[in-house]
Structures are given as structure tokens and as C-alpha cells.
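Heads up, the thing below is written out as C-alpha cells.
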Amino acid sequence: MTPELQRMDWMPSPPLAPIDSPLDLDHLFRMTLGDAELEQEVLAMFAEQAVRLIAAMAALPAEAGALAHKLKGSARGIGAFAVANAAASLEIAVQTGHDQRHAFAALKEAVTEARAAIEAMLKP
């Protein structure tokens with residue numbers, strides 16, 4: 001007997017080649033289905049959430065791994081892959097017990113760059 005094959009819906013993946021921008025605008029376009037209003041809304045929400053999560057990580061280092069995981073997922077959703085990668089590095093540093101200072105500094109820098117790109121996009 002052959003197993004029954006089922007069709008799986010396509011899910012966009014991060015780019016294989018690095019991009020020059022803190023945001024992958026093609027990915028963002030796909031994830032928002034080309035809806036410019038939705039794009040602006042999710043970018044604004046991410047910018048605010050990223051600031052809150054970075055502040056929480058600084059205030060509650062014991063929670064840094066879980067907070068980094070949350071930020072990683074949000075960043076992937078909007079195409080901020082440098083933020084997602086930096087958050088993943090911090091998450092791994094927490095899990096393995098390695099020094100988190102370098103990973104946290106890299107994450108803060110990636111968030112700053114992503115937020116600057118978002119602010120430039122949201123300016124009227």
C-alpha cells in the first residue's frame with residue numbers, strides 16, 4: 001500500500017543570500033499579502049515590541065532566553081532576519097550557559113538598525 005500524499009501549503013522561508021537592508025521587504029510584502037496598511041501596522045508593532053523586549057532582557061536576565069525566543073519569531077515574521085539571527089544567538093548563549101553580553105550587544109545593535117529602517121519607512 002502506498003501512503004496517501006497530502007498537499008502542504010507553501011510557507012515563505014528566509015533568503016539564502018544575505019540582504020543589505022535590515023528588513024527583507026519582499027518577505028514583508030508576502031507576509032502582509034501586499035497590504036500597505038497592514039505592513040505599516042505590523043512594522044510599528046514590531047518596533048514597539050522590540051524596545052520592550054530589549055528593556056525586559058536587560059532588567060530580567062533570567063528571562064532573556066524566553067524573551068529572545070519571542071523576539072526571534074516576531075522578527076522572522078516581518079523579515080528582520082538580522083534581528084532574528086541575533087536573538088537566536090542570545091537564546092543559544094542562555095541555553096548553553098555561555099557569556100550573554102556579546103550576544104545581547106549584537107541583538108541591541110540589530111534592533112537599532114531595524115528600528116531605524118522601520119522609522120524611515122513609516123515617515124509620512
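It should be emphasised that the depicted structure is a prediction, and the values quoted were computed from it without experimental measurement.
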Starting from the C-alpha separation in whole Å, work towards a yes-or-no answer on side-chain contact (heavy atoms from CB on, under 4.5 Å) for Ile54 and Phe104. CA-CA 9 Å; Ile54 291 291; Phe104 184 61; 4.1 Å; yes

Where do Glu39 and Leu25 land on the side-chain contact (heavy atoms from CB on, under 4.5 Å) test, with the steps shown first? CA-CA 10 Å; Glu39 182 178 292; Leu25 299 179; 5.6 Å; no

Residues Val111, Phe46; criterion side-chain contact (heavy atoms from CB on, under 4.5 Å); working and verdict: CA-CA 10 Å; Val111 166; Phe46 175 79; 5.5 Å; no

Show the numbers, then the answer: is there a side-chain contact (heavy atoms from CB on, under 4.5 Å) between Met121 and Gln40? CA-CA 8 Å; Met121 290 177 65; Gln40 289 185 351; over 6 Å; no

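Applying the side-chain hydrogen bond (donor to acceptor under 3.5 Å, both in side chains) rule to pairs touching residues 100-114 yields Asp99-Arg101, sequence neighbours excluded.
In the hydrophobic clustering of ILVMFWY residues, with side-chain heavy atoms under 4.5 Å counting as a link, Ile78 and Leu38 come out together. Phe29 and Leu23 end up in different hydrophobic clusters when Ile, Leu, Val, Met, Phe, Trp and Tyr side chains are linked at under 4.5 Å.
Using a cutoff of 4.0 Å between basic side-chain nitrogens and carboxylate oxygens, Glu119 and Arg115 are scored as salt-bridged.
The minimum heavy-atom distance between Ala68 and Leu90, with the atom names listed, is CB-CD2, 4.1 Å. A pairwise comparison of heavy atoms in Ala117 and Pro22 identifies CB-CG, 3.9 Å as the closest pair. The minimum heavy-atom distance between Ser74 and Gln49, with the atom names listed, is OG-OE1, 2.8 Å. The two residues Lys72 and Ala88 have their closest heavy-atom pair at CD-CB, 3.7 Å. Contact between Arg76 and Ala84 at its shortest, heavy atoms only, is CG-CB, 3.6 Å. Of all the heavy atoms in Ala110 and Val83, the pair that sits closest is O-CG2, 3.4 Å.
Put simply, CG on Leu43 and CD1 on Ile118 are 5.0 Å apart, with the number rounded to the nearest 0.5 Å. Atom OG1 of Thr96 and atom CD of Glu91 lie 11.0 Å apart (nearest 0.5 Å). A distance of 11.0 Å separates CD in Glu41 from CG in Leu122, rounded to the nearest 0.5 Å.
Considering only heavy atoms from C-beta on, Leu107 comes within 4.5 Å of Met57 through its side chain.
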